[in-house]
There are 2 protein chains.
Amino acid sequence: MVTIRDVAAKAGVSAATVSRIINGKGQATPETIARVHAVIKEMGYKPNVVARSLTSRQSNTIALLVPTISNPFFPELARGVEDSANSYGLNIFLCNTDDEREKVRNYLISLRDRYVDGVIVNSLNVTEEDLEELHSHGIPTVTLDRTFSSHKFSSIGVKHREGARLATSHLIDIGCKRIGIIRGPEDDSTAIQRLWGYRDCVKNFDWFDQSWIALGDFSVKSGYLCMKELFQRHPDIDGVYAANDLMAIGLLKAAHEWGRKVPDELAIVGFDGIDMTQYTNPPISTVKQPAYEMGRMAIEELLRLKKLDEHNWYAKKQELDVEFILRESSMR
Amino acid sequence: MVTIRDVAAKAGVSAATVSRIINGKGQATPETIARVHAVIKEMGYKPNVVARSLTSRQSNTIALLVPTISNPFFPELARGVEDSANSYGLNIFLCNTDDEREKVRNYLISLRDRYVDGVIVNSLNVTEEDLEELHSHGIPTVTLDRTFSSHKFSSIGVKHREGARLATSHLIDIGCKRIGIIRGPEDDSTAIQRLWGYRDCVKNFDWFDQSWIALGDFSVKSGYLCMKELFQRHPDIDGVYAANDLMAIGLLKAAHEWGRKVPDELAIVGFDGIDMTQYTNPPISTVKQPAYEMGRMAIEELLRLKKLDEHNWYAKKQELDVEFILRESSMR
DNA sequence: CTGAAAGCGCTTACAG
DNA sequence: CTGAAAGCGCTTACAG
């Protein structure tokens with residue numbers, strides 16, 4: 001392995017000078033710059049990233065915390081993160097937290113110790129103190145979406161409430177008279193916002209009460225079970241908004257089993273915009289989040305902060321638009 | 001931050017002694033061991049992982065190369081890898097290669113530079129020289145599945161050919177008279193083995209010839225397009241084996257559009273065992289690969305090698321069983 | 001059994 | 001503009 005001292009020796013300068021030239025710090029005559037670069041090229045020298053990390057306390061790595069990459073919403077986000085990171089020479093640590101506090105904590109400690117250059121958080125059970133601690137170590141963060149965003153650091157979200165309104169009002173527009181919701185977990189802020197959006201649209205109907213709300217956990221299975229529950233409580237239900245696509249897929253299955261024709265007898269809308277909704281039978285209308293784009297933006301935001309001096313950091317709160325996608329499951 | 005020297009000072013020994021005790025190397029009196037541990041605990045000392053990497057040339061990280069995490073087969077594999085890695089305190093670098101040589105190459109270089117402790121490869125365009133180079137740097141590898149496995153290093157695969165035979169012979173058993181295949185890419189060894197398995201079962205029928213084989217690329221869309229192609233060439237087709245589940249999902253859509261009842265007029269079997277096949281309408285029969293388990297095993301294999309001295313390394317070639325899962329798409 | 005010293009490969013004040 | 005020196009925090013021969 002060729003080291004900075006090898007280069008220095010061959011170029012007839014000191015290691016310090018080589019270092020400065022590589023990092024573009026300080027001054028140097030055009031001649032020595034040229035000479036050093038020539039030697040670097042000639043010897044195929046590449047700075048040792050680990051040694052660099054030790055002195056610079058940076059590592060050219062970024063961490064991505066997600067509940068689980070198995071939920072099809074996250075791979076697209078991860079691709080956005082990675083493709084963008086890649087273009088800046090950053091590598092990605094994938095961290096599945098299962099939304100569990102202990103896993104979150106362990107990862108955060110480990111990541112700090114590794115001098116990661118930033119962390120992108122999309123997980124429950126991350127606290128403001130966690131973020132503060134990372135920042136105090138010079139590690140910027142950006143929280144996405146599901147992570148609570150009422151903190152003082154950067155975050156990128158989407159308009160969940162508005163999206164839920166788009167979905168619900170669409171069901172009303174096509175003539176649904178009794179509209180239920182399969183909501184997400186109670187400790188998930190996006191689930192809450194989506195519930196609000198639904199409520200905004202139905203609260204003034206005289207048929208509406210709590211019994212039209214079924215509590216799911218964002219899994220296919222819970223969508224399936226919640227739909228059965230709604231059928232039993234309300235045989236006259238003719239429209240459902242599922243707070244995510246996986247549950248919409250599960251409820252579609254329940255509808256088939258229950259013998260309800262979709263969309264004629266039961267219209268369905270999901271949320272997220274995962275690929276699979278195109279391929280169910282019928283395809284499911286959904287509210288698409290720009291997952292890939294959010295991943296890209298998260299990297300950009302991290303790099304923006306990184307460039308600034310730590311004490312000049314200021315948070316940026318961004319909120320992206322969602323897009324309603326009409327498909328057969330709600331075409332009448 | 002508390003360093004090893006702080007601990008040494010407080011314990012009244014040298015840094016070298018603390019280092020030895022932490023790493024369980026060399027000798028030490030029970031008393032000094034106890035004292036050092038007490039001080040470590042008292043001060044909350046944790047060795048700096050980056051400094052450790054610099055001297056030890058290890059980093060407690062593992063890399064996972066996949067074509068793209070967006071293909072739903074890979075998240076489960078990734079979870080297997082990560083869950084297992086986690087239990088050993090290893091972090092995971094996620095590397096999406098898109099099966100492109102340039103990305104593969106860039107990642108491999110970068111990973112070597114980071115002193116990763118091992119790399120799990122499931123990607124095309126990785127060469128034997130690549131593996132050799134990693135090994136020559138003391139980095140063990142294990143290739144999974146799609147990566148060519150005719151090399152001299154460790155690999156874990158599944159019985160693709162046998163799986164394809166299970167799928168095809170099942171179609172024959174339920175009475176299909178004209179069975180097509182939507183195969184995978186020509187440069188993908190698993191696709192080839194799955195094609196062979198199909199051929200094993202149909203080659204002796206007099207109706208069989210090349211025209212029953214459609215060339216897909218493992219994407220939903222290609223499954224859809226290939227199915228249309230097969231319908232046009234062979235209106236009498238009554239069974240299809242898709243070499244992966246995504247293509248099976250696509251072909252199911254094509255069947256609906258073409259007005260063919262599944263399974264009565266067209267029976268379908270896929271391959272992989274991704275979750276989504278349970279939720280299509282009808283659910284799709286498939287040949288399940290133990291993706292999560294493969295991930296776990298890959299970590300175990302890497303650690304087995306890591307424990308050995310580099311010159312004592314010997315490869316292990318493992319091949320796992322697949323499991324046929326019967327669902328409505330092929331129930332007659 | 002333990003310590004002093006050198007080294008892993010870089011970076012960064014400090015001098016000049 | 002450039003170099004010598006110290007330092008990032010650990011590990012590992014080498015002595016004794």
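Labels below follow one simple rule: chain letters A, B, ... track the order of the sequence lines, proteins then strands, and each chain is numbered from 1.
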C:dT12 C1' sits how many Å from A:R57 CZ, rounded? 14 Å
Looking at A:R52, I'd like to know whether one of its side-chain N or O atoms comes within less than 4.0 Å of OP1 or OP2 on C:dG9. no
Closest to the 5' end of DNA chain D, once A:I21 and B:S56 are matched to their nearest nucleotides, is A:I21
Do B:N48 and A:Y115 have side-chain N/O donor and acceptor atoms under 3.5 Å apart? yes
May I ask you to say what A:R5 touches in the nucleic acid, namely base, sugar-phosphate or nothing, with a heavy-atom cut-off under 4.0 Å? base
D:dC1 C1' sits how many Å from A:I33 CD1, rounded? 10 Å
Nearest-Å distance, CZ (A:R114) to P (D:dC8)? 22 Å
Integer-rounded Å distance: C:dC8 C1' and B:D113 CG: 15 Å
Answer yes or no: is there a side-chain heavy-atom contact under 4.5 Å between A:L111 and A:C95? yes
Report yes if at least one side-chain N or O of B:T55 is closer than 4.0 Å to OP1 or OP2 of D:dC10; otherwise report no. no
Does B:S19 have a side-chain nitrogen or oxygen under 4.0 Å from the phosphate oxygens OP1 or OP2 of D:dT11? yes
Whole angstroms only, please: what is the OH-C1' distance between B:Y115 and D:dC10? 13 Å
Between A:I22 (CD1) and C:dT11 (P), how many Å, whole number? 7 Å
CD of A:Q58 versus P of C:dT12: gap in Å, rounded? 10 Å
Answer with base, sugar-phosphate or nothing: what part of the nucleic acid does A:V50 contact at a heavy-atom distance below 4.0 Å? nothing
Side-chain donor-acceptor contact under 3.5 Å, A:S155 with A:S149: no
Nucleotide D:dT11, atom C1' - distance to NZ of B:K25 in whole Å: 8 Å
Looking across every strand, which nucleic acid part, if any, lies under 4.0 Å from B:A28 by heavy atom: base, sugar-phosphate, or nothing? sugar-phosphate
Where each residue is assigned the nucleotide of DNA chain D containing its nearest heavy atom, which of A:A16 and A:Q27 is assigned the position nearer the 5′ end? A:Q27
Under a plain distance cut-off of 3.5 Å, with no hydrogens placed, do B:R52 and B:N23 share a side-chain donor-acceptor pair? yes
Give the nucleotide from the list D:dC8, D:dG3, D:dC10 with an atom nearest to the side chain of A:T17. D:dG3
Describe, in one word, how the ring planes of B:W313 and B:H135 are oriented to each other, choosing from parallel (under 30°), tilted (30 to 60°) and perpendicular (over 60°). perpendicular
More 5' along DNA chain C: B:A15 or A:N48, using each one's nearest nucleotide? B:A15
Report yes or no: is the cationic atom of A:R112 (NZ for Lys, CZ for Arg) closer than 6.0 Å to the six-membered ring centre of A:Y107, at no more than 45° off its axis? no
With a 3.5 Å cut-off and heavy atoms only, can you find an N or O donor on one side and an acceptor on the other between the side chain of A:R20 and the base of D:dG3? yes
Within the structure shown, what part of the strands sits under 4.0 Å from A:T32 by heavy-atom distance: base, sugar-phosphate, or nothing? sugar-phosphate
Could you please name the option among D:dC10, C:dC1, C:dC10 that lies closest to any side-chain atom of B:T29? C:dC1
Does any nucleotide pair with D:dG3 by Watson-Crick or G-U wobble geometry, both distances under 3.5 Å, and what is it? C:dC14
